[in-house]
Amino acid sequence: MSDQSGAPKLFDRQALRRHRKRAAGSFADHDFLLREIGARLLERLEETLTSFPVALDLGCHNGVLASILAQQEQRGETRIDSLLQCDLSATMIGQAKQQGPAFVADEEWLPCGAGSLDLVLSLFSLQWVNDLPGVLAQIRYALKPGGLFLAAFPGGVTLGSLRQAFLEAESETVGGVSPRIAPFIEVREAGMLLQRAGFQLPMADADVVPIDYPDPLALLRDLRGMGESNALNQRPRSFLRRDTLAALLQAYPQRPDGRVVAEVEVVYLTGWAPDASP
């Protein structure tokens with residue numbers, strides 16, 4: 001299955017919309033990771049020493065970035081005059097603390113005119129787009145000359161232990177494996193896509209954030225609470241079998257104290273829209 005651009009459609013965007021709608025009401029109970037990564041992302045913005053009259057938070061969830069920016073504004077630290085927010089889910093948008101216009105939009109079809117934005121921010125949304133090169137090209141198109149794009153999303157090794165535990169559990173209980181964890185882009189490939197999309201000074205880097213949980217079930221609950229459940233087109237449509245779940249709990253590596261660690265590799269992208277001026 002592929003879209004009009006020819007890119008394979010790995011992800012079910014309607015399922016993702018349902019997941020975000022389901023998660024919206026209690027999202028604030030599970031957004032600790034987004035708050036941490038959002039703060040790190042905005043630290044990179046502070047390093048630019050540039051003001052941004054109009055910015056877009058692409059895939060805003062419940063307005064995590066807006067709430068951090070509001071705190072910075074109270075301290076006189078923000079250089080964003082107007083922040084637009086959009087998300088795939090209308091229900092999630094309803095939870096957002098709105099500093100400016102907010103609207104429903106699909107990250108794959110950016111509804112912004114050429115050169116209409118000074119800054120595009122994206123926090124943990126681009127991992128679910130089917131055509132990332134096309135989305136990056138749309139973002140560059142929407143930026144004014146000299147505009148900035150900053151994004152953070154999970155990459156490479158993210159949830160590697162959970163992926164391996166699922167493989168072992170299903171092999172043991174059903175004699176085969178199903179696509180349970182989405183593939184994540186490697187940081188080097190992400191940097192190449194930025195360059196391909198025509199950004200100047202493209203930069204991609206990554207760090208790994210370990211998250212401590214009492215058991216794998218707590219991790220699965222957190223993923224659901226964040227709206228990050230399996231949205232692969234080829235995902236299993238049936239509930240996870242009890243024996244497979246039991247095998248998963250056994251297969252997931254534990255520390256001596258019985259707790260488990262989920263690894264999240266965060267890929268950061270930075271790129272500037274071409275500008276003829278110095």
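In what follows, residues are counted from 1 in the order of the sequence shown.
Remark: the backbone N or O of A151 is not paired with any side-chain donor or acceptor of S122 at under 3.5 angstrom. When atom types are taken as modelled, the side chain of S89 and the backbone of M92 share a donor-acceptor pair closer than 3.5 angstrom. A distance-only check finds no donor-acceptor pair linking the side chain of Y252 to the backbone of F166 [under 3.5 Å]. The backbone N or O of V208 lies less than 3.5 Å from no partner atom in the side chain of E263, so there is not a single donor-acceptor pair. No side-chain donor-acceptor contact under 3.5 Å links S171 to the backbone of E168. A distance-only check finds no donor-acceptor pair linking the side chain of D222 to the backbone of H30 [under 3.5 Å]. Formation of a donor-acceptor pair under 3.5 Å by the T158 side chain with backbone atoms of E265 is found in this model. Panel note: side chain D118, backbone A55; no donor-acceptor pair is recorded below 3.5 Å. Under a 3.5 Å cut-off, the side chain of R163 and the backbone N or O of I181 do form a donor-acceptor pair.
For the pair A273 and Q200, the tightest heavy-atom approach, listed with the atom from each and the gap, is O-OE1, 4.1 Å. Between S125 and G59, the shortest heavy-atom distance links the atoms OG-O, 3.1 Å. The two residues R180 and P236 have their closest heavy-atom pair at CZ-CG, 3.6 Å. Between A197 and A137, the shortest heavy-atom distance links the atoms CB-N, 4.1 Å. The heavy-atom pair separating C60 from D87 by the smallest distance is N-OD1, 3.4 Å. Shortest non-hydrogen contact noted between L33 and M226 is CD2-CE, 4.4 Å.
Heavy atoms from other residues, nucleotides or ligands lying under 6.0 Å from NZ of K144 number more than 12. Counting non-hydrogen atoms of other residues, nucleotides and ligands closer than 6.0 Å to CZ of R259 gives a total above 12. Enclosure of atom OH in Y141 is not indicated, since only 12 or fewer non-hydrogen atoms of other residues, nucleotides or ligands lie within 6.0 angstrom. The number of heavy-atom neighbours closer than 6.0 Å to CZ of R255, taken from other residues, nucleotides and ligands shown, is above 12.
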(request) Check step by step if side-chain contact (heavy atoms from CB on, under 4.5 Å) holds for R18 and Q14. (result) CA-CA 6 Å; R18 293 193 298 271; Q14 293 303 315; 3.9 Å; yes
(request) Take S67 and R35, measure what side-chain hydrogen bond (donor to acceptor under 3.5 Å, both in side chains) needs, and give me the verdict at the end. (result) CA-CA 9 Å; S67 64; R35 291 192 174 279; 3.0 Å; yes
(request) Would you please test H19 and L88 for side-chain contact (heavy atoms from CB on, under 4.5 Å) and show each step? (result) CA-CA 10 Å; H19 295 165; L88 185 64; over 6 Å; no
(request) With side-chain contact (heavy atoms from CB on, under 4.5 Å) as the test, would you mind laying out the steps for L45 and L148 before giving the verdict? (result) CA-CA 9 Å; L45 181 62; L148 177 62; 4.0 Å; yes
(request) In sequence, state the C-alpha distance, the side-chain angles, and the governing distance for V267 and E186, and then conclude on side-chain contact (heavy atoms from CB on, under 4.5 Å). (result) CA-CA 8 Å; V267 175; E186 299 291 338; over 6 Å; no
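Legend: residues meeting side chain to side chain donor-acceptor pair (under 3.5 Å) with T244, ordered by chain and number and at least two apart, are T173. By the ring-ring contact (aromatic ring centres under 6.0 Å, His included) test, F11 pairs with W128, sequence neighbours left out. For F199, the ring-ring contact (aromatic ring centres under 6.0 Å, His included) test picks out F149, with sequence neighbours left out.
Between V264 and I37, the closest side-chain pair of non-hydrogen atoms is not below 4.5 Å. Taking 4.5 Å as the limit, every side-chain heavy atom of D131 sits out of range of all side-chain heavy atoms of K9. Between L84 and L117 the shortest side-chain heavy-atom distance falls below 4.5 Å. By the 4.5 Å heavy-atom criterion applied to side chains, L69 and I80 are counted as neighbours. Side-chain atoms of V209 and R40, non-hydrogen and from C-beta on, do get closer than 4.5 Å to each other. Proximity of C112 to L56: side-chain heavy atoms (C-beta onward) are separated by under 4.5 Å at one or more points. Two residues are said to be in side-chain contact when any heavy atoms from C-beta on lie closer than 4.5 Å; L41 and V266 fail this criterion. Side-chain contact check for L217 versus L245: some heavy-atom pair is nearer than 4.5 Å.
Of the charged side-chain nitrogens involved, at least one lies within less than 4.0 Å of a carboxylate oxygen, so that R20 and E107 count as a salt-bridged pair.
Taken to the nearest 0.5 Å, the CZ atom of F153 stands 4.0 Å off from the CG atom of L269. Between atom CD of residue Q85 and atom CG of residue L121 there is a gap of 10.5 Å, rounded to the nearest 0.5 Å. Of the inter-residue distances, the one linking L248 atom CG with R241 atom CZ reads 13.5 Å to the nearest 0.5 angstrom. The CG atom of L123 lies 4.5 Å from the CG atom of L34; values are rounded to the nearest 0.5 Å. Rounding to the nearest 0.5 angstrom, the gap separating the CG atom in L110 from the SG atom in C86 is 7.0 Å. Annotation: the span from L159 atom CG to L219 atom CG amounts to 6.0 Å, rounded to 0.5 Å.
A donor-acceptor contact under 3.5 angstrom links the side chains of N130 and E108, judged on distance only.
Between F124 and H61, the distance separating the two ring centers is not shorter than 6.0 angstrom.
Both cation-pi conditions hold for R44 and Y268: the charged atom is under 6.0 angstrom from the six-membered ring centre and inside a 45 degree cone around its axis.
Cluster membership check: M192 does not share its hydrophobic cluster with W272, using side-chain heavy-atom separations under 4.5 Å among Ile, Leu, Val, Met, Phe, Trp and Tyr. Tracing side-chain contacts under 4.5 Å through hydrophobic residues (I, L, V, M, F, W, Y), one reaches F103 starting from V135; they form part of the same cluster. Cluster membership for I68 and F52, using ILVMFWY side-chain heavy atoms within less than 4.5 angstrom, is shared.
Paired with S229 under the rule side chain to side chain donor-acceptor pair (under 3.5 Å), one option of R224, R22, R235 passes, and it is R22.
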